[in-house]
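For reference, the structure discussed in these notes is given below.
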Amino acid sequence: MLEIGIIRDQKERVLSGLKKKNASPEMLEMPDRIIARDDERKSTQTSLDNLLSRINKLSDEIGSLFKAGKAAEANAMKSEVAALKEEAKTLEVSLRAIRDDLDEMIIQLPNMPHESVPPGVGAEDNEVFKPWGGPMPELGASALPHWELAEKYNLISFKDGVMLTGSGFPVYKNKGARLQRALIGYFLDRAVEAGYTEIQPPLMVNRETARATGQLPDKEGQMYYIEKDDFYMIPTAEVPLTNLYRDTILQQSDFPVMLTGYTPCFRREAGSYGADVKGLNRLHQFDKVEIVRLEHPDRSYDSLMEMVAHVERLLADLELPYRILRLCGGDMSFNSALTFDFETYSAAQGRWLEVSSVSNFETFQSNRMKLRYRDEDGKTRLAHTLNGSALALARIVATLLENHQTPEGIKIPVALRPYTGFELIN
RNA sequence: GGAAGAGUGGCAGAGCUGGUUGAUUGCACCGGUCUUGAAAACCGGCGUACCUGAGAGGGUACCGGGGGUUCGAAUCCCUCCUCUUCCGCCA
């Protein structure tokens, strides 16, 4: 949620940010509407506070009168207070209505894109921040896509998943299951080596938690919901990890807070179809190791680049062809100020697959979450939040199988061998 | 799931027969005096959010969340949540 102060004080910047995110004409009117409504909120607040102040004073007087034994005078004042209370009640109701309306408007505004974000409307306009340096992988004539490899080596059963649950819930078996476990352990170890604190969070969260990181209300339909207990299955570890610091005030010396966690991620992916959902490309449940950082605003972009470098090393060590994109305004998520996507190349499919997304949210999440720090003057200010996948498993497995296939079998990258315990899947 | 008890400021812990209590006190923390330095001692400060004000300051709200009673509630009532203990169940 965008800070009201930014909307008020930097309206021009907000408007140009909205344009970069291809906002509709109605959306461009939003800042003015919000400011007007906020003015109304302030004046209503002032009237209400003044009224309450008078009521408080009168109540004190009534108390003293009773003590002084002047019951008649005290009782006479009660009716006066009663009238004021009616007035206050009316003001309270309208203040709440104004607040709700204001929130509803502000919540519709996306985060402001960082100045380096390229213009554009969709994926085709993303900037290739770092192209793949090596030769494009060429697979032999006998090369197979990962879903066929999975079947050939008995690594994954999509059919069994359908039987147990439904499509998008694969069952990993044998060396396929072991590969999953190896990757999780490897990614976690690397994150911990890099200084992140390992966390194992709940996989279901309550409404307030889902709201604070921005999943609610805008992505409600993408989460699995447990109606009986009013819980949501997490779509990413970002949700519980970042929320660990909800409603807190950090000291500057606490920065950077660095957290990592492995969790399965649950996504309904309503509306997906076709090649997108083939094999491991898009699942309802997949495993992911997430990294999260809470940072001082002055350092958050340096932090972002450190996270990018971390992810890049992982991909390099897995010996996968990858590239880094800087997302354009139109392709960026609602919450993000700047996002780098990592893609690995699926040669068998002839397409790049997103395996990581690393973003700086600036104060967009912390505003909703009330995550602050104390600055030099002792004032509280909103911290910046960042997160990234390091890494999302399913697609990594897909490109790992495809890129490392040989006539003898699938070769496990050297870095991963201590974790798998085998060098070859055959 | 059932029963009983409890949830107060960073922590500990008063207040809970309703009225100068945003809240006694101790610890922690910050500033100062003293000291060669430190400790101790002493003095002072020390919650968050919003409104208002150039500022100093003033005002409002908040004692687990929400609602109610009352002129007035941390204090009484209702409800939800959480924790503790006992019973039940169970990995």
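Treat the numbers as computed from the prediction; the structure is a model and nothing was measured. Labels below follow one simple rule: chain letters A, B, ... track the order of the sequence lines, proteins then strands, and each chain is numbered from 1.
In this structure, A:M369 places its CE atom 16 Å from P of B:A49, rounding to the nearest Å. The distance from atom CG of A:D39 to atom P of B:C51 is 11 Å, rounded to the nearest whole Å. For A:D254 and B:C29, the CG to C1' distance is 14 Å, given to the nearest whole Å. The CZ-P distance, from A:F231 to B:C81, rounds to 10 Å in whole Å. Going from atom CG of A:L51 over to atom C1' of B:C71 covers 14 Å, rounded to whole Å. Going from atom CG of A:L91 over to atom P of B:C51 covers 16 Å, rounded to whole Å. Following rounding to the nearest Å, A:E86 (CD) and B:C71 (P) show an atom-to-atom distance of 12 Å. Between the CZ atom of A:F66 and the C1' atom of B:G19 there is a distance of 11 Å, given to the nearest Å.
When the C1' atom is compared between B:A28 and B:C11, the two are found 7 Å apart, to the nearest whole Å. One C1' atom belongs to B:U21, the other to B:C34, and the distance between them is 36 Å to the nearest Å. B:A23 and B:C83: their C1' atoms are spaced 24 Å apart (whole Å). Taking atom C1' in both B:U33 and B:A40, one finds a spacing of 13 Å when rounded to whole Å. For the C1' atoms, the distance from B:U24 to B:C16 is 14 Å, rounded to whole Å. B:U79 and B:A61 have their P atoms separated by 27 Å, given to the nearest Å.
Across all strands, A:T44 comes closer than 4.0 Å to no nucleic acid atom at all (heavy-atom distances).
Judged by Watson-Crick or G-U wobble contacts below 3.5 Å, the nucleotide B:U20 has no partner. Across all strands shown, B:U75 has no partner, as no Watson-Crick or G-U wobble contact with both distances under 3.5 Å is found. For B:G53, there is no paired nucleotide, since no Watson-Crick or G-U wobble pair has both relevant distances below 3.5 Å. Across all strands shown, B:G5 forms a Watson-Crick or G-U wobble pair with B:C83, both key distances being under 3.5 Å.
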Mark up nucleotides 52-70 of chain B, 5' to 3', with B wherever a protein heavy atom is under 4.0 angstrom from a base atom, S wherever such an atom reaches only the sugar-phosphate, and - elsewhere. S------BSS-----S---

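Ring geometry, A:F364 versus A:F334: the interplanar angle exceeds 60°, so the pair is classed perpendicular (tilted spans 30 to 60°). Taking the six-membered ring where the residue is Trp, A:F255 and A:Y373 present perpendicular rings, their angle passing 60° and hence far from 30°.
Salt-bridge annotation for A:K89 and A:E92: absent, with no side-chain N of the basic residue lying under 4.0 Å from a carboxylate O of the acidic one.
A:R326 places none of its side-chain heavy atoms less than 4.5 Å from the side chain of A:H114.
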Side chain to side chain donor-acceptor pair (under 3.5 Å) evaluation trace for A:N206 with A:T209: CA-CA 5 Å; A:N206 59 33; A:T209 301; 2.9 Å; yes

Could you check A:R374 against A:T380 for side chain to side chain donor-acceptor pair (under 3.5 Å), going step by step and ending with a plain yes or no? CA-CA 5 Å; A:R374 211 172 287 284; A:T380 60; over 6 Å; no

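One finds no side-chain N or O of A:T380 lying less than 4.0 angstrom from the OP1 or OP2 phosphate oxygen of B:U48.
Checking each of A:T385, A:T363, A:N360 against A:S300 for a side-chain hydrogen bond (donor to acceptor under 3.5 Å, both in side chains) leaves exactly one that passes, namely A:N360.
Among the nucleotides B:U48, B:G19, B:C51, the one closest to any side-chain atom of A:R41 is B:C51.
Under the ring-ring contact (aromatic ring centres under 6.0 Å, His included) criterion, A:Y419 pairs with A:Y186, sequence neighbours left out.
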